[in-house]
Undergrad: 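Just dropping this structure here.
As the structure lists them, so they are numbered: ligands from 1, and atoms in each ligand from 1.
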Amino acid sequence: MPAIGLGTFGSDHVSPHEIAAAVKGAAAVGYRHFDCASVYGNEAEIGVSFETILRDGIRREELWITSKLWNDKHGEDDVISSCRKSLADLRLDYLDLYLVHWPFPNFHPPGCDVTSRSAVARPYIHANFMKTWRQMEKLAAMGLVRHIGTSNMTIPKLQLLLADARIKPAVNEMELHPHFQQPELFDFVVANGIQPVGYCPIGSPGRPARDRTSEDTSPTEDPVIVEIARRHRTHPAAVCIKWAIQRGQTPIPFSVHHYRENLAAAAGDPLTGDEMRAIAAIDRNCRLIKGQVFLWRDGQSWEDLWDLSGEITPP
Ligand SMILES: NC(=O)c1ccc[n+]([C@@H]2O[C@H](COP(=O)([O-])OP(=O)(O)OC[C@H]3O[C@@H](n4cnc5c(N)ncnc54)[C@H](OP(=O)(O)O)[C@@H]3O)[C@@H](O)[C@H]2O)c1
């Protein structure tokens, strides 16, 4: 997997065509890894870019393309058809990685308020998740996807999956930035041979208002990051990307304006050991993507989604 990927979620304010143009521009400057998902609503436009990129001479084997199964398609009969739809939209014969986007089958309308709840929302039920996972394994056996993985999982959920999977997840995609380092989950996935892919690597400054709370902090405004950026004569976002790669996770920054700088940051001068240690010390345990819309019961708080007690939150 290439060490940095381009995120493609436009957070409501960047159009599918702008993102498709960024994918083409990013491939031209050297990106080979793209993080897509059906729910981002832009795979058809990005597919046109992939077709152009491949026609212009980049070989398919050089690219790493991820897509994700959305929450309303966890049903046994929906997984394979949903993957086929992403493949058709992206104009590809296979995906390098297909992820179960969230462990919950809970659907909500795009752009809805965080207090919105689906009437049929469910907790995590491992037996149901395994039915979905068996279909993911089938996709790998069919050759439609090279690797399968998870996203937004917790240690107790991954422990169950690792015990029951025939094909173990190759990747867990999770929020990771200097203010949300998730050290326990990070160490757990690495110890189990699962590659951590880090979303919101620079603190998602463009996320919509509904995903902001007054307690949220911004890693790119942290004085430690700002000082390291000054020393390296670069932007704080570049420091977040360097830190991510040197720590061993794969960052997937979204960008339509700064993707060139972000790739340069990935390839440029590394941070020193002291700088890495200084960043390790500024973790604020500040989760930005809290996932409130996936809650299944009235009166719950977003913490219930993340199994903070070390056990899966009971139904
Ligand atoms: N698996 C999941 O559940 C999940 C959840 C969330 C996100 N994701 C994935 O992760 C990707 C990244 O997350 P994200 O988009 O929320 O957050 P992010 O990558 O941390 O932040 C993206 C924002 O930062 C700006 N930016 C990027 N590079 C910059 C630079 N060098 N200098 C200044 N500003 C810069 C971008 O603006 P410009 O466009 O103007 O450059 C954009 O507004 C998503 O696109 C998606 O693919 C996955």
Undergrad: Starting from atom 37 (O) of ligand 1, locate the nearest protein heavy atom and write down its residue, its atom name and how far away it is, to 0.1 Å.
TA: H258 ND1, 4.2 Å
Undergrad: Which is closest to atom 23 (C) of ligand 1 in terms of heavy atoms, G5, C240, P205, A37?
TA: P205
Undergrad: Answer yes or no: does an N/O atom from V256 fall short of 3.5 Å to an N/O atom of ligand 1?
TA: yes
Undergrad: Between S301 and E303, is any side-chain donor less than 3.5 angstrom from a side-chain acceptor?
TA: yes
Undergrad: Suppose I only count heavy atoms of G206 and a 4.0 Å limit; which atoms of ligand 1 are within that range?
TA: 43 (O)
Undergrad: What is the closest protein heavy atom to atom 45 (O) of ligand 1, and at what distance does it sit?
TA: F9 N, 3.0 Å
Undergrad: At the 4.0 Å heavy-atom cut-off, does I289 count as touching ligand 1?
TA: no
Undergrad: Once ring-ring contact (aromatic ring centres under 6.0 Å, His included) is applied, what residue pairs with a partner in residues 273-294 remain, sequence neighbours excluded?
TA: W102-F294, H108-F294
Undergrad: Report the part of Y40 (side chain from C-beta onward, or backbone N, CA, C, O) that has a heavy atom under 4.0 Å from ligand 1; answer both or neither where that applies.
TA: side chain
Undergrad: Decide ring pair (Phe, Tyr, Trp, His ring centres under 6.0 Å) for F9 and Y199; before the verdict, give the C-alpha distance in whole Å, the side-chain angles of both, and the deciding distance to 0.1 Å.
TA: CA-CA 10 Å; F9 176 47; Y199 70 70; 9.8 Å; no
Undergrad: Just do the side-chain contact (heavy atoms from CB on, under 4.5 Å) check on F129 and M153 with the steps written out, would you?
TA: CA-CA 12 Å; F129 191 81; M153 289 287 265; 4.0 Å; yes
Undergrad: Looking only at protein heavy atoms, which one is nearest to atom 26 (N) of ligand 1, and how far off is it?
TA: I202 CD1, 3.3 Å
Undergrad: Given the rule in the side-chain contact (heavy atoms from CB on, under 4.5 Å) test, do I312 and L160 qualify, once you have shown the distances and angles that lead to the verdict?
TA: CA-CA 10 Å; I312 295 177; L160 292 181; 3.6 Å; yes
Undergrad: Which of these, D35, N262, I19, has its nearest heavy atom closest to atom 28 (N) of ligand 1?
TA: N262
Undergrad: Main chain of L95, side chain of R146: is a donor-acceptor contact present, judged purely on distance under 3.5 Å?
TA: no
Undergrad: Does at least one non-hydrogen atom of R207 fall below 4.0 angstrom from an atom of ligand 1?
TA: no
Undergrad: When you measure from atom 10 (O) of ligand 1 to every protein heavy atom, which one gives the shortest distance, and what is it?
TA: Y199 CB, 3.2 Å
Undergrad: Would you call D216-K290 a salt bridge at under 4.0 Å N-O?
TA: yes
Undergrad: Any N or O on E261 sitting closer than 3.5 Å to an N or O of ligand 1?
TA: no
Undergrad: Taking non-hydrogen atoms only, is H257 closer than 4.0 angstrom to ligand 1 via side chain, backbone, both or neither?
TA: both
Undergrad: What protein heavy atom is closest to atom 22 (C) of ligand 1, reported as residue, atom name and distance in Å?
TA: F254 O, 3.4 Å
Undergrad: Which of the atoms of ligand 1 are close to H101, meaning less than 4.0 Å from one of its heavy atoms?
TA: 1 (N), 2 (C), 3 (O)
Undergrad: Would a distance-only check, ignoring hydrogens and angles, find a side-chain to backbone donor-acceptor pair under 3.5 Å from S11 to R207?
TA: no
Undergrad: Of all the non-hydrogen atoms in the protein, which one sits nearest to atom 11 (C) of ligand 1, and at what distance?
TA: I252 O, 3.2 Å
Undergrad: Between K242 and E275, does any side-chain N to carboxylate O distance fall below 4.0 Å?
TA: no
Undergrad: Below 4.0 angstrom, N of the basic side chain to O of the carboxylate: do R60 and D93 qualify?
TA: no
Undergrad: For ligand 1, is any non-hydrogen atom under 4.0 Å from L99's backbone (N, CA, C, O), its side chain (CB onward), both, or neither?
TA: neither
Undergrad: Looking only at protein heavy atoms, which one is nearest to atom 3 (O) of ligand 1, and how far off is it?
TA: N152 ND2, 2.9 Å
Undergrad: Classify the contact between C200 and ligand 1 as side chain, backbone, both or neither, using a heavy-atom distance cut-off of under 4.0 Å.
TA: both
Undergrad: With heavy atoms only and a cut-off of under 4.0 Å, state how S151 meets ligand 1: side chain, backbone, both or neither.
TA: side chain
Undergrad: Can you check whether P201 has an N/O within less than 3.5 Å of an N/O in ligand 1?
TA: yes
Undergrad: Could you tell me whether K68 and ligand 1 have an N or O pair separated by under 3.5 Å?
TA: no
Undergrad: Under 4.0 Å from any heavy atom of H235, which atoms of ligand 1 are there?
TA: 32 (N), 33 (C)
Undergrad: Measure the acute angle between the ring planes of H147 and W64, then classify it against the limits of 30° and 60° as parallel, tilted or perpendicular.
TA: parallel
Undergrad: Should the pair K85-D78 be classified as a salt bridge under the 4.0 Å nitrogen-to-oxygen rule?
TA: no
Undergrad: At a non-hydrogen distance cut-off of under 4.0 Å, which region of T8 contacts ligand 1 (side chain, backbone, both, or neither)?
TA: backbone
Undergrad: Can you tell me which residue and heavy atom of the protein come closest to atom 14 (P) of ligand 1, and the distance to 0.1 Å?
TA: S204 OG, 3.7 Å
Undergrad: Indicate yes or no: at least one non-hydrogen side-chain atom of R122 is less than 4.5 angstrom from one of N128.
TA: no
Undergrad: Angle between ring planes, Y124 versus H126, binned at 30° and 60°: parallel, tilted or perpendicular?
TA: tilted
Undergrad: Report yes if the side chains of L69 and C83 come closer than 4.5 Å at any heavy-atom pair, otherwise no.
TA: no
Undergrad: Should you measure from each heavy atom of G7, which atoms of ligand 1 turn up under 4.0 Å away?
TA: 11 (C), 45 (O), 47 (O)
Undergrad: Would you say the side chain of Q300 lies within less than 4.5 Å of the side chain of L305, judging by non-hydrogen atoms?
TA: no
Undergrad: Using distance alone, determine whether P253 and ligand 1 share an N or O pair under 3.5 Å.
TA: no
